[in-house]
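All ligand and atom numbering here is 1-based and tracks the order in the structure.
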Amino acid sequence: MKRILVTGGAGYIGSHTLVELAEAGYDFVVVDNLCNSNKESLHRVAKIIGREVPFFKVDIRDKDGLSKVLDEYSCDACIHFAGLKAVGESVAKPYEYYENNIGGTLVLIDVLKQHNCKNIIFSSSATVYGNPAVIPITEECPKGKCTNPYGQTKSMLEEIFMDIQKADPQWNIVLLRYFNPIGAHKSGTIGENPNGIPNNLMPYITQVAVGKRKELGVFGNDYDTPDGTGVRDYIHVVDLAKGHVCALHVLQNGCGLSIYNLGTGRGYSVLDVINAFVKVNGVDVPYSIKPRREGDIATCYSDPTKAERELGWKAQFGIEDMCRDAWLFQKNNPEGY
Ligand code: NAD
Ligand code: UFG
């Protein structure tokens with residue numbers, strides 16, 4: 001396997017994955033419509049890897065546009081990051097989420113098939129477990145009820161991929177269920193660059209630390225967790241990126257349909273993350289306790305042993321590395337890209 005089509009490659013996880021793909025000796029071509037990213041991320045990737053990143057500003061719903069890219073750059077596999085991902089926005093704009101994430105993926109699958117490229121890695125999410133039946137969460141844990149259209153698109157797309165692989169066993173499909181990616185490349189040149197007010201914990205913390213926001217709201221301290229705040233499995237984005245390279249190896253060996261959790265197996269509360277951030281970076285993060293956020297669950301962390309066993313992948317970085325690297329990117333790029 002030589003060349004990989006990376007959809008959504010200008011985004012947060014995509015840009016970090018390009019670096020790891022280059023490191024592992026893969027070629028790639030990126031398509032992204034830049035609806036939630038900036039071409040600058042690809043210039044920064046180019047600096048890190050020492051060569052240009054082939055990029056096309058193409059929407060995955062544009063069949064002709066995608067086809068042209070694959071005519072010019074034949075690919076052996078696709079890593080499919082492109083999608084809308086804001087939970088709250090998906091509640092307000094369900095049609096846009098279904099149309100972009102599901103509609104776009106169906107077009108992509110069709111074009112890949114026409115180009116005889118039947119190998120794909122899909123960015124799924126721990127959100128498909130809903131309020132998980134067991135903790136730590138294994139891949140056998142039944143999928144739960146998603147409380148928002150974003151989560152529904154991930155859950156439905158998983159079903160679609162399963163049906164497609166069942167009907168045509170030539171497809172090799174890896175569904176990666178990410179836990180909570182945070183942090184940034186150690187160079188501090190690429191990182192998470194949300195538009196507007198961040199929805200997620202770490203970008204909110206870094207924006208408070210850099211003085212862009214006054215204080216962090218901690219959403220609830222009355223959960224059934226050790227300190228009452230929500231517990232999540234934060235994973236360094238570089239570890240997550242490396243997981244995709246490992247998944248390419250199993251695709252290459254003809255894996256059929258495989259599902260893996262990508263997490264660390266450790267849960268940290270909101271207060272744990274704030275304390276680690278303050279300790280490792282020596283900056284203040286003022287916060288106050290706010291009501292619970294609708295749709296949040298108390299605890300969510302993975303059992304990552306299947307990925308270790310079958311992919312030979314294990315997260316290497318700890319919470320302090322994640323906090324240090326997230327801060328380095330924010331400090332170096334106070335206004336983002
Ligand atoms: P991101 O928004 O930074 O990256 C997604 C990229 O896809 C963006 O560059 C965006 O411009 C592009 N895109 C969106 N719709 C497109 C379309 N129709 N055509 C072409 N490009 C399009 O998000 P991310 O955090 O890097 O997430 C990547 C993937 O991982 C997404 O599918 C997301 O749902 C999934 N995921 C993310 C998280 C997380 O916490 N970041 C957790 C679980 C799953
Ligand atoms: N939190 C706060 N204050 C904030 C933001 C978050 O206290 O300003 C808390 C939340 O209540 C939660 C924890 O921090 O307890 C993590 O929240 P995030 O929004 O960072 O992450 P979530 O676990 O809610 O969701 C994320 C992605 C989803 C994905 C899920 C599982 O946003 O898309 O991880 O992978 F599905």
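Residue Gly217 has at least one N or O atom closer than 3.5 Å to an N or O atom of ligand 2. Between Thr127 and ligand 2, no N or O atom pair is found at a separation short of 3.5 Å. For ligand 1, the polar-atom distance check finds no N/O of Ser124 at less than 3.5 Å from any of the ligand's N/O atoms. Between Val31 and ligand 1, a contact under 3.5 Å exists for no N or O pair. Checked against a 3.5 angstrom limit, the closest N/O atoms of Asp296 and ligand 2 fall inside it.
The local environment of NZ in Lys306 is crowded, with over 12 non-hydrogen atoms from other residues, nucleotides or ligands closer than 6.0 Å. Heavy-atom contacts from other residues, nucleotides or ligands closer than 6.0 Å to NZ of Lys93 number 12 or fewer.
The contact set between ligand 1 and Ser123, taken as ligand atoms under 4.0 Å from a residue heavy atom, comprises 29 (C), 30 (O), 32 (O), 35 (C). Within ligand 1, the atoms closer than 4.0 Å to a non-hydrogen atom of Leu34 are 11 (O), numbered from 1 in the order shown. Which parts of ligand 1 touch Cys35 is read off a 4.0 Å heavy-atom cut-off, strictly below it: atoms 10 (C), 11 (O), 13 (N), 14 (C), 15 (N).
With a 4.0 Å cut-off on non-hydrogen atoms, Asn200 does not touch ligand 1 at all. For Leu201, heavy-atom contacts with ligand 2 shorter than 4.0 Å involve the backbone as well as the side chain. Under 4.0 Å from ligand 1, not a single heavy atom of Ala126 appears. Counting heavy atoms closer than 4.0 Å to ligand 2, residue Asn199 contributes backbone atoms (N, CA, C, O) but none from C-beta onward. Here Asn200 has heavy atoms under 4.0 Å from ligand 2 in both its backbone and its side chain.
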Task: ring pair (Phe, Tyr, Trp, His ring centres under 6.0 Å) between His244 and Tyr178, intermediate numbers included - done: CA-CA 11 Å; His244 294 74; Tyr178 309 157; 5.4 Å; yes
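Nearest to atom 16 (C) of ligand 2 by heavy-atom distance, out of Tyr287, Phe219, Tyr234, Phe179, is Tyr234.
Two residues are said to be in side-chain contact when any heavy atoms from C-beta on lie closer than 4.5 Å; Lys214 and Pro286 fail this criterion.
Taking atom 19 (N) of ligand 1 as the reference point, the nearest protein heavy-atom neighbour is Ile60 N, 2.9 Å. Scanning the protein heavy atoms around atom 3 (O) of ligand 1, the nearest turns out to be Tyr12 N, 2.8 Å. With hydrogens left out, the protein atom closest to atom 37 (C) of ligand 1 is Ile13 CD1, 3.8 Å, a heavy atom.
Shown are Asn275, Asp227, Thr299; of these, the side-chain hydrogen bond (donor to acceptor under 3.5 Å, both in side chains) with Ser269 is made only by Asp227.
By the 4.0 Å heavy-atom criterion, Val58 is counted among the residues contacting ligand 1. Within the 4.0 Å heavy-atom cutoff, Gly104 does not count among the residues contacting ligand 1. By the 4.0 Å heavy-atom criterion, Asn180 is excluded from the residues contacting ligand 1. Distances shorter than 4.0 angstrom do not occur between any heavy atom of Tyr223 and any atom of ligand 2. The shortest separation from a heavy atom of Lys154 to ligand 1 is under 4.0 Å, placing the residue in contact.
A salt bridge links Glu40 with Arg44: at least one charged nitrogen is closer than 4.0 Å to a carboxylate oxygen. By the 4.0 Å N-to-carboxylate-O rule, Asp321 lies too far from Lys186 to be salt-bridged with it.
The cationic group of Arg177 lies under 6.0 Å from the six-membered ring centre of Tyr129 and within 45° of the ring axis, placing it in a cation-pi geometry.
Phe55 and Phe28 have their aromatic ring centers separated by at least 6.0 angstrom.
A donor and an acceptor atom, one from each side chain of Ser67 and Asp64, are nowhere located under 3.5 Å apart.
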